[in-house]
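Below is one structure, written out as structure tokens; comments come after it.
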Amino acid sequence: MLEKNYTPKDIEERIYQDWEESGDFKPDMRSSAEAFSIVIPPPNVTGYLHMGHALDETLQDILVRYNRMCGKKVLWQPGTDHAGIATQMVVEKNLAKEGISRHDLGREKFIETVWKWKAHSGGTICKQLRRLGASCDWSRERFTMDEGLSRAVLKIFVSLYKDGLIYKAKKLVNWDPKLMTAVSDLEVLQKETVGKMYYYKYPIVGEEGEFVRIATTRPETMFGDTAVAISKDNEKLKHLIGKKCKLPLTDRVIDIIADDHADPEKGTGAVKITPAHDFNDFEVGKRHNLEMINILNEDATLNENTPFAGLSTTEARQKTIEALDKLGLMEKIEDHPMVIPYGERSNAVIEPLMTDQWFVDAPKLAVDAIKAVENGDMQFVPKNYEKTYFEWMRNIQPWCISRQLWWGHQMPIWYAPDGTIFCEETEEEAQKAADKHFGKKVELTRETDVLDTWFSSGLWAFSTLGWPDQTEYLKTFYPTSVLVTGFDIIFFWVARMMMMSMYMMKKVPFKKCYIHGLVRDEQGRKMSKSKNNTVDPMETIEKYGADALRFFMAASETQGRDVNISESRIEGYRNFATKLFNAARFCEMNGCVKADDFAPEKVEAPLNRWILTKADAATYEITKNLEAFRFSDAANAVYQFVWGTFCDWFIELSKPVFYGQDEAQKAETRATAAFVLDRILLLLHPFMPFITTEIWNKTGKRNVKLIHAPWPKVEGEKRQVEAIDFAIDLIAAIRSLRADLNVPASAKPRVLLKNLKTDYLKDTASMIKSLARLENIEILQDDAAITQDMVQGVFSGGVFLMPLKGIVDFEAERERLKKELSQIESRLQGYAAKLSNDNFVSRAPQNVVEEEKRRQAEALEQKVKTTEALKRIENL
RNA sequence: GGGUGUGUAGCUCAGGUGGUUAGAGCGCUACGUUCACAUCGUAGAGGUCGCUGGUUCGAGUCCAGCCACACCCACCA
């Protein structure tokens, strides 16, 4: 028995618990069925569910549940990410509240504290995923820092190192002075600002009064200048090439060199070269073998290579300008639009800094990763994202993987006292290798850097399945079937997974990659805490239920586009759930219980045959769209079938049957209703798993749980459905006419059908009478019976007449008919224009022409009828 | 500078291969206490499909140009 009211919260929590406790999310490993697998994009272990997750996980759960019902062996592999920088920052912030820094604690104690924090807050997001209904196999939950995954990290690191694909280099890297670590290119955000361009000059050595003029946005870096560059094509300035200039405020003299990096059109045409603090200058420096002078400390204050040691860059900039001005070398300062790099996590200004770092040879790894997409082993959905992927992969730079953090996978690198590097999976092995190398016992020290978080996430598709062990799960579920993620993560994660997997497994990590957009606010703006326009999915679920939120996500997901969150739409889908719930109650109250021996093909009543046909059409539509990842089309098809077809028409049309006397027909209709309701529960389950399960469990005995029930296969049989479509069209036409003429709801007029070409009325008269609120409906036997007060309406099956004397205002009816006539007239003009066009008639396909002629004939007929009707009531 | 998208009803958006009178939800208007549901029902109003050309018998759909807007990548001394 269903409850009187639909209360999502009670239903959803209870049902999820049952699924998880019963092991319903676990694949049946004994089955020989085809495998289907998804690895979850691991959320930050200490994070909270946001709408982006809600979208991502909903889509995955729909695919997982659909494929599970299709009988496949399904694994949805869950887990979380240690999120190096993000997590370390949170913990450091907490410590700061107590006035402690991580350095006070020391590395070991600090890491202990992070683990404690993880234990404390780490379960939240997984609980939230459960609340959403995600049917992951939680018994297999993994964490990027757990023992197994760490082993995978070590193994692949050593392998890459020994293959020469990981190397150490002193290079200019993006340095985050707040976090005091290197970060990758992807972790740097370029922000537009209006800065200043400073113009000043360096005196030429040996030529009194001669200068080379410089333009720069960062005058304080001049202490790191080791040359000035001018293009050899710069007619105005090329005479300076080869000369030397004095670097003011220092005792250094630097060369003026020829380099095409200096664009004659830009700035002054002469560029100060600071190889240790600018990526372009670094390249110039390499070309000309320039000295690289580092002028910054790790916290971005100036160092002792400058006169302003200890000052911040902004303070030093001011001092530098003042000092240059005093020397009479400043020329001017102009406003200048520019882009400044910021750390995506710390929001600190990123400084290019010369440091020792570790790199992955991404350009080499990209080769196979590109090939796998080119040859279709991995397909993006929608396809156009492969362009983004190729674009990036073909221009990929070495990937800086070392981070000067404490929270993360410490690199398996050991140094001998003389600096020789040993890379092994364990300290013992490294020691052994070192001892062998030196022929004696040496003391090793371990590299303190940890790996970029995305290094371990890059292994996620196979490390979670047990690799490096050749587990049953790895064999069964790798490569995974599809990865579902946002476009913002293609470079960070999708590309890295492709590279790591192709390198280690020689197979793609997933056969398809479904890319969705961002979740935005109702007006399409990006959600952010500062704009205060974020919507908390947990609050939404609390208010409307997880089913409503899920359905919203599915219905809004059109390939490639962003999703705008809309409370009114979510509310609408909650209403949809309520509607279904009440429809189920209607069935229940009318004794519609599932009959095991029900055979759809033996059904006789036109209404029942009709709804079965519609159910098959909907099944086909939904299945087709799910297979093609067309989530919104699938969701809309099920919505339309449930509300627009089953509730609005089938249930309404079944009422005269249930309230009537024909017991045989009642029995058949009950069985049909139960069958179709079951079909609805099956089709809707991937989208709304909770309410469908609740109804499934409480309406009749079942020999299978809904979550494992077989997805309906559509048979080809075409049933006769025209009689019901005829009735629906007629009912709608009568209702429309009644509304136009203000026929009171209580009035029960008669209806006469004219020129009826079919005998559909025999089966449908009682339902038409009931739904159109008529006293009677019959076929007009003789035109002589037409009275003046008969108002005429048209519908697809012909013409009907309704005597309305004393009920309506005939002036309104005359107006209506005139309007209708003019509409018919304009349609006729359209048809005539087309059909009199020789080009159309001769070139358009025959069936299109025929169809046009048919419509013309139909409209002509309507014109005649309508004119007659108007004439008839002319004087009333 | 390179790339990718978007512009359709008051709002948010659907409209795989060109072909009925361009759709949905919300909102709006009128009516409705029919015993599944007012978290509902019935009916309705509302659109020069960004602009201009082109291809075609036929263009929201294909092509070109333009105008807006969004995002991504690179760079700007």
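Side chains included, hydrogens not; waters and symmetry mates left out as well; all remaining heavy atoms used. Residue numbering restarts at 1 for every chain, and letters A, B, ... go by the order of the sequence lines.
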For RNA chain B, the dot-bracket notation using Watson-Crick and G-U wobble pairs below 3.5 Å, [ ] for pseudoknot-type crossings and | for other-strand pairs, is (((((((..((((.....[...)))).(((((.......))))).....(((((..]....))))))))))))....
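Evaluation of the side-chain contact (heavy atoms from CB on, under 4.5 Å) rule for A:Glu851 yields A:Arg854, A:Arg855 as partners, not counting sequence neighbours. Shown here are the ring pair (Phe, Tyr, Trp, His ring centres under 6.0 Å) partners of A:Tyr342, two or more places apart in sequence or in another chain: there are none. With sequence neighbours left out, A:Trp392 forms a ring pair (Phe, Tyr, Trp, His ring centres under 6.0 Å) with A:Phe491. Scored by the side chain to side chain donor-acceptor pair (under 3.5 Å) test, A:Asp648 finds no partners at all (sequence neighbours excluded). Under the side chain to side chain donor-acceptor pair (under 3.5 Å) criterion, A:Ser766 pairs with no residue at all, not counting sequence neighbours. Residues that satisfy the ring pair (Phe, Tyr, Trp, His ring centres under 6.0 Å) test with A:Phe641, not counting sequence neighbours, are absent from this structure.
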Protein and nucleotides 14-17 of chain B: nitrogen or oxygen contacts under 3.5 angstrom:
from   : atom 1 : to       : atom 2 : distance (Å)
B:rA14 : OP1    : A:Thr558 : OG1    : 3.0
B:rA14 : OP1    : A:Arg561 : NE     : 2.6
B:rA14 : OP1    : A:Arg561 : NH1    : 3.4
B:rA14 : OP2    : A:Arg561 : NH1    : 2.7
B:rG16 : O6     : A:Lys624 : NZ     : 3.2

Protein and nucleotides 36-40 of chain B: nitrogen or oxygen contacts under 3.5 angstrom:
from   : atom 1 : to       : atom 2 : distance (Å)
B:rA36 : OP2    : A:Tyr659 : OH     : 3.0
B:rA36 : O2'    : A:Asn582 : OD1    : 3.3
B:rA36 : O2'    : A:Arg585 : NH1    : 3.0
B:rA36 : N7     : A:Lys655 : NZ     : 3.4
B:rA36 : N6     : A:Glu652 : OE2    : 2.9
B:rA36 : N3     : A:Asn582 : O      : 3.3
B:rA36 : N3     : A:Ala583 : N      : 3.3
B:rC37 : O4'    : A:Asn582 : ND2    : 3.4
B:rC37 : O2'    : A:Asn582 : ND2    : 3.3
B:rC37 : O2     : A:Lys579 : NZ     : 3.0
B:rC37 : N3     : A:Lys579 : NZ     : 3.0
B:rU39 : O4'    : A:Asn575 : OD1    : 3.4
B:rU39 : O2     : A:Arg574 : NE     : 3.0
B:rU39 : O2     : A:Thr578 : OG1    : 2.5
B:rC40 : OP1    : A:Asn575 : ND2    : 3.0
B:rC40 : O3'    : A:Lys579 : NZ     : 3.2

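Comparing the C1' positions of B:rA30 and B:rC62 gives an interatomic distance of 43 Å, to the nearest angstrom. Taking atom P in both B:rU48 and B:rC40, one finds a spacing of 31 Å when rounded to whole Å. When the C1' atom is compared between B:rG2 and B:rU8, the two are found 30 Å apart, to the nearest whole Å. B:rC51 and B:rA68 have their P atoms separated by 15 Å, given to the nearest Å. Spacing between B:rC28 and B:rG23 at atom P, rounded to whole Å, works out to 23 Å. As rounded to the nearest Å, B:rC13 and B:rU6 have C1' atoms that lie 12 Å from one another. Taking atom P on both B:rC75 and B:rU12, the two are 36 Å apart, rounded to the nearest angstrom. With both ends at atom C1', the span from B:rU55 to B:rG18 equals 12 Å, rounded to whole Å.
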Side-chain donor/acceptor pairs under 3.5 Å, residues 188-197 of chain A, sequence neighbours excluded:
from     : atom 1 : to       : atom 2 : distance (Å)
A:Lys191 : NZ     : A:Asn347 : OD1    : 2.8
A:Thr193 : OG1    : A:Met338 : O      : 3.4
A:Lys196 : NZ     : A:Asp335 : OD1    : 2.7

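Note on A:Thr217: only backbone sugar-phosphate atoms sit closer than 4.0 angstrom, heavy atoms only; bases stay farther off. Counting any heavy atom pair closer than 4.0 Å across all strands shown, A:Ala262 reaches a base atom.
Distance alone, capped at 3.5 Å, is enough to place a donor-acceptor pair between the A:Asp562 side chain and the A:Leu518 backbone. Here the side chain of A:Asn837 pairs no donor or acceptor atom with the backbone of A:Ala833 at under 3.5 angstrom. Side chain of A:Asp259 to backbone of A:His261: a donor-acceptor contact under 3.5 angstrom is found.
A straight line from CG of A:Asp488 to P of B:rC72 spans 9 Å, rounded to a whole angstrom. Remark: P of B:rC13 and CZ of A:Phe631 are 20 Å apart, rounded to the nearest angstrom. A straight line from CZ of A:Arg569 to P of B:rG27 spans 13 Å, rounded to a whole angstrom. Distance CD (A:Glu192) to P (B:rA70): 12 Å, rounded to an integer number of Å. Protein atom CD of A:Glu567 is 15 Å distant from nucleotide atom C1' of B:rC11, rounded to whole Å. Here the P atom of nucleotide B:rC69 and the CD atom of A:Gln523 are 19 Å apart, to the nearest Å. Taking atom CG on A:Asp278 and atom P on B:rC75, their separation rounds to 10 Å, with Å as the unit. Between A:Phe552 atom CZ and B:rA24 atom C1' there is a gap of 14 Å when expressed in whole angstrom units.
At B:rU56, none of the side-chain N or O atoms of A:Asn839 fall inside 4.0 Å of OP1 or OP2 (strictly under the cut-off).
Between the side chains of A:Ser568 and A:Glu571, no donor-acceptor pair of N or O atoms lies under 3.5 Å.
Ring centers of A:Phe576 and A:Phe687: at least 6.0 Å apart, outside the cut-off.
Mapping A:Asp263 and A:Tyr831 onto RNA chain B via the closest heavy atom, the residue that lands nearer the 5' end is A:Tyr831. Each of A:Pro337 and A:Trp649 was assigned the nucleotide of RNA chain B with the nearest heavy atom; the assignment lying further toward the 5' end belongs to A:Trp649.
Other residues, nucleotides and ligands contribute only 12 or fewer heavy atoms inside 6.0 Å of the NZ atom of A:Lys526.
Within residues 727-746 of chain A, the residues approaching RNA chain B are A:Arg735, A:Ser736, A:Ala739, by heavy-atom distance under 4.0 Å.
Test A:Phe650, A:Trp649, A:Trp643 against A:Phe646 for ring-ring contact (aromatic ring centres under 6.0 Å, His included) and you get one pass: A:Phe650.
The side chain of A:Val848 sits closest to B:rG19 out of B:rA70, B:rU20, B:rG19.
The aromatic rings of A:Tyr385 and A:Phe487 lie parallel to each other, their planes meeting at an angle below 30°, with 60° marking the opposite boundary.
Sorted by first and then second residue, the salt bridge (Lys or Arg N to Asp or Glu O under 4.0 Å) pairs involving residues 544-557 of chain A (not counting sequence neighbours) are A:Asp61-A:Arg550.
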